[in-house]
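Sequence positions, counted from 1, serve as the residue numbers for this chain. Just the heavy atoms: all of them, side chains too, but no hydrogens, waters or symmetry mates, feed the values below.
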Amino acid sequence: MNDAPADCRIGVLALQGAFREHVTSLQSLPGVEAVEVRTKEQLDGVDGLIIPGGESTTMALVAERWGLIPELQRFTRELQRPVWGTCAGLIFLADRAVGTKTGGQALLGGLDVTVARNFFGAQIHSFETRLTAPECLLHAPTAVAGQPTFRALFIRAPAILETGPGVEVLARYHLTPEEAAEDSSRPASVVVAVRSGHLLATSFHPELVGDARWHALFADMVRETIKGKQREERQAREVSPLEARKPRDLPKH
């Protein structure tokens, strides 16, 4: 916990999965208020949202049952508020998904990527590795000097097979020779972290390894969106000099 006054309010979708761990990571950051989100009213009250890892199909079914899918789509697409999807959350944000269960699952969309569900295999194939940290992570408020890598924990993780224009690749994973030998049709490397405008997505679980740099990065994205909205509101209130000099309508005789 921190005692700094909050300047942004970040919600964590708390339907299923590792939402408590995200809340704990957010609470370690100065100026961030973390809240669990289960209803439309709670969603309306946050500046940004994290969609956690878990079982993506189950999460989608619960969200549909509670009528949250349209509200989440509005939050992401219409209001353009920052959203970060981790693991299952990445699948939710993707425009396209392969390897989904029969009948598919509800996707929020908005992130121009193609994602492969369970690319890394079943639960027993979960693993941890170190990956090269992107430039934006090196300058995160919680960054440690001389730490050019980060811990990446993959649990039944998806992978990004294709990215569209405007999608910034933040991290890649290169398959080991053993992994490549298991299935020669798989690519030699896959994308595991991206950013596109107000959207952030990771295949791995930063909330489970005690590294708050990804949460700090997302908090900065939320703050930038808040500042942009405040600028727009100020500009809307301001009267242009030409408008101010316009004479009032003269009375008609």
Side-chain angles (χ1 to χ4, degrees), residues 1-2 6-56 58-60 62-63 66 68-69 71-77 79-94 107-111 113 115 136-137 140-142 150 152-155 157-158 170-171 192-226:
M1 296 290 288
N2 66 80
D7 57 11
C8 66
R9 198 164 193 254
I10 298 178
V12 182
L13 190 63
L15 304 181
Q16 189 259 350
F19 58 88
R20 292 186 183 87
E21 290 82 355
H22 274 295
V23 169
T24 299
S25 294
L26 289 171
Q27 288 174 337
S28 72
L29 300 175
V32 175
E33 180 184 358
V35 296
E36 295 179 7
V37 171
R38 296 182 179 86
T39 67
K40 174 187 180 301
E41 291 70 27
Q42 291 168 333
L43 183 64
D44 288 341
V46 298
D47 304 305
L49 180 72
I50 296 175
I51 303 177
E55 214 297 314
S56 59
T58 301
M59 203 180 300
V62 174
W66 291 3
L68 278 176
I69 295 294
E71 299 302 329
L72 290 167
Q73 289 173 332
R74 176 175 173 270
F75 187 94
T76 304
R77 296 187 171 198
L79 299 180
Q80 297 264 303
R81 291 183 186 168
V83 179
W84 172 21
T86 62
C87 197
L90 159 60
I91 301 172
F92 255 85
L93 290 179
L107 299 177
L108 301 182
L111 185 61
V113 300
V115 63
C136 56
L137 213 64
T142 55
F150 65 92
L153 177 60
F154 294 87
I155 304 174
L170 300 180
V192 293
V194 295
R195 179 169 56 177
S196 179
H198 63 293
L199 302 178
L200 178 69
T202 56
S203 298
F204 45 86
H205 290 265
E207 77 282 5
L208 299 179
V209 298
D211 184 349
R213 286 182 291 172
W214 288 97
H215 292 82
L217 172 63
F218 183 65
D220 282 346
M221 290 173 59
V222 173
R223 291 186 178 103
E224 284 303 311
T225 299
I226 293 172

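Under the rule for a salt bridge (Lys or Arg N to Asp or Glu O under 4.0 Å), the partners of R195 that lie at least two apart in sequence or sit in another chain are E168. Under the rule for a side-chain contact (heavy atoms from CB on, under 4.5 Å), T24 has no partner lying at least two apart in sequence or in another chain.
A pairwise comparison of heavy atoms in L90 and P158 identifies CD2-CG, 3.8 Å as the closest pair. Annotation for P30 and R223: closest pair O-NH2, 3.0 Å, computed over non-hydrogen atoms. I10 approaches A219 most closely through the heavy-atom pair CD1-CA, 3.9 Å. Nearest approach of T202 to A193, heavy atoms of both residues: CG2-CB, 4.0 Å. Summarising the geometry of P52 relative to M59, their closest heavy-atom pair is O-CE, 3.5 Å, with the distance given to 0.1 Å. The two residues D47 and P82 make their nearest non-hydrogen contact at O-CD, 3.3 Å.
Here the side chains of R9 and I226 are not in contact, with every heavy-atom distance at 4.5 Å or above. Between V83 and F92, every side-chain heavy-atom pair lies at or beyond the 4.5 Å cut-off. Looking at heavy atoms from C-beta onward, L49 lies in side-chain contact with L72 at the 4.5 angstrom threshold. Contact check for L170 versus W214: side-chain heavy atoms found under the 4.5 Å cut-off. L111 places none of its side-chain heavy atoms less than 4.5 Å from the side chain of T76. You'll find the side chain of C87 stays beyond 4.5 Å of the side chain of I155, heavy atoms only. Side-chain contact check for V209 versus F150: every heavy-atom pair is 4.5 Å or farther apart. In this structure, F19 and L13 have side chains that are not in contact, with every pair of non-hydrogen atoms separated by 4.5 Å or more.
Ring pair W84/H215 is perpendicular by interplanar angle, where above 60° counts as perpendicular and below 30° as parallel.
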Verdict with reasoning, I69 to Q73, per side-chain contact (heavy atoms from CB on, under 4.5 Å): CA-CA 6 Å; I69 295 294; Q73 289 173 332; 3.9 Å; yes

